[in-house]
Amino acid sequence: QGQLVESGGGLVQPGGSLRLSCVASGFSLDYKAIGWFRQAPGKEREGVSCISNIDGSTAYADSVKGRFTISRDNAKNTVYLQMNSLEFDDTAVYYCAADHTVLWCDPAWDVAGTWHDYWGQGTQVTVSS
């Protein structure tokens, strides 16, 4: 049974940085897209970023463009989310997701319902002074 495990969350001051990791076990991230999502209390889960492991193409939510960078290490079966210039509104539980049928970061990548097969347990990111 495959699974995704996120790590790297924590408490950071505004303007600070964190790097989240999403490690896959029991299945390969090759030839798949991987999405990062977040969910703040009382809000819906929203797409943050996506990367296709087929060609490395990426996509970002407007709210994080220029501040977050998604990357991959296929040898480690891992996807990263580098988060810089963190803001109060970035506070949320961050999740990564994969699906055997999602190969590209198509227009619906930022919809949680697009991803069915694998979701991690989430890692908390808190931006506070």
Side-chain angles (χ1 to χ4, degrees):
Q1 188 78 8
Q3 64 175 349
L4 295 172
V5 178
E6 305 96 337
S7 64
L11 174 64
V12 64
Q13 292 185 339
S17 297
L18 286 173
R19 188 178 80 156
L20 305 184
S21 299
C22 171
V23 180
S25 61
F27 71 102
S28 173
L29 292 180
D30 291 350
Y31 308 110
K32 294 182 182 63
I34 292 83
W36 278 102
F37 287 77
R38 66 187 181 187
Q39 189 166 19
K43 295 188 177 181
E44 293 188 356
R45 192 167 296 190
E46 63 174 354
V48 175
S49 185
C50 173
I51 186 166
S52 170
N53 276 352
I54 295 178
D55 64 355
S57 58
T58 60
Y60 296 92
D62 289 342
S63 59
V64 306
K65 280 181 181 176
R67 300 188 298 121
F68 290 10
T69 303
I70 193 170
S71 62
R72 59 184 176 164
D73 185 334
N74 288 347
K76 295 183 178 180
N77 219 23
T78 299
V79 172
Y80 303 99
L81 185 69
Q82 178 67 43
M83 307 187 297
N84 298 330
S85 302
L86 283 161
E87 304 170 353
F88 292 120
D89 286 348
D90 295 319
T91 296
V93 178
Y94 284 71
Y95 302 88
C96 58
D99 189 289
H100 290 296
T101 66
V102 182
L103 310 181
W104 310 95
C105 301
D106 289 330
W109 71 267
D110 58 348
V111 177
T114 297
W115 310 78
H116 300 282
D117 294 333
Y118 304 102
W119 282 89
Q121 82 291 347
T123 185
Q124 176 71 48
V125 172
T126 302
V127 183
S128 176
S129 55

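- Note that the CG atom of L4 and the CD atom of Q121 stand 9.0 Å from one another [nearest 0.5 Å].
- For H116, there are no ring pair (Phe, Tyr, Trp, His ring centres under 6.0 Å) partners at least two apart in sequence or on another chain.
- Side-chain heavy atoms closer than 4.5 Å link hydrophobic residues (I, L, V, M, F, W, Y) into clusters, and following such links, even through other members, never connects F68 to V93.
- The OG1 atom of T69 sits 4.5 Å away from the OH atom of Y60 when rounded to the nearest 0.5 Å.
- To the nearest 0.5 angstrom, Q124 atom CD is 7.5 Å from T91 atom OG1.
- Across every non-hydrogen atom of S85 and R67, the tightest pair is O-NH1, 3.0 Å.
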One pair to check against side-chain contact (heavy atoms from CB on, under 4.5 Å): Y118 and C96. What are the steps and the verdict?
CA-CA 8 Å; Y118 304 102; C96 58; over 6 Å; no
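- Connection of L81 to Y95 is not established within any shared hydrophobic cluster, with ILVMFWY side chains joined at heavy-atom distances below 4.5 Å, either directly or through further cluster members.
- When all heavy atoms of T78 and K76 are compared, the pair lying nearest together is OG1-O, 2.7 Å.
- Under a hydrophobic-cluster definition in which Ile, Leu, Val, Met, Phe, Trp and Tyr are linked whenever side-chain heavy atoms come within less than 4.5 Å, directly or via other members, V127 and W36 are assigned to the same cluster.
- Between I34 atom CD1 and C105 atom SG the span is 8.0 Å, to the nearest 0.5 Å.
- R72 places no side-chain N or O within 3.5 Å of a backbone atom of I51 that could act as its donor or acceptor partner.
- Among all heavy-atom pairs drawn from S57 and W104, the shortest one is OG-CE3, 4.4 Å.
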Test T114 against D99 for side-chain contact (heavy atoms from CB on, under 4.5 Å), laying out the working first.
CA-CA 8 Å; T114 297; D99 189 289; over 6 Å; no
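- Nearest heavy-atom pair across A59 and W109 is CB-NE1, 3.4 Å.
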Applying side-chain contact (heavy atoms from CB on, under 4.5 Å) to D73 and Y80, what does each step give before you reach the verdict?
CA-CA 8 Å; D73 185 334; Y80 303 99; 3.9 Å; yes
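- Cluster annotation: V48 and W119 are assigned to distinct hydrophobic clusters (Ile/Leu/Val/Met/Phe/Trp/Tyr, side-chain heavy-atom contacts under 4.5 Å, transitive).
- Distance CG/N77 to OG/S28: 5.0 Å, rounded to 0.5 Å.
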Could you tabulate the donor-acceptor pairs under 3.5 Å formed by side-chain atoms of residues 13-27, not counting sequence neighbours?
residue: S17; atom: OG; partner: N84; partner atom: OD1; Å: 2.9

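- Residue Y94 is tested with R38, Q39, E6 for a side chain to side chain donor-acceptor pair (under 3.5 Å); the sole match is R38.
- Tracing side-chain contacts under 4.5 Å through hydrophobic residues (I, L, V, M, F, W, Y), one reaches M83 starting from I70; they form part of the same cluster.
- The minimum heavy-atom distance between I54 and Y31, with the atom names listed, is CG1-CA, 3.7 Å.
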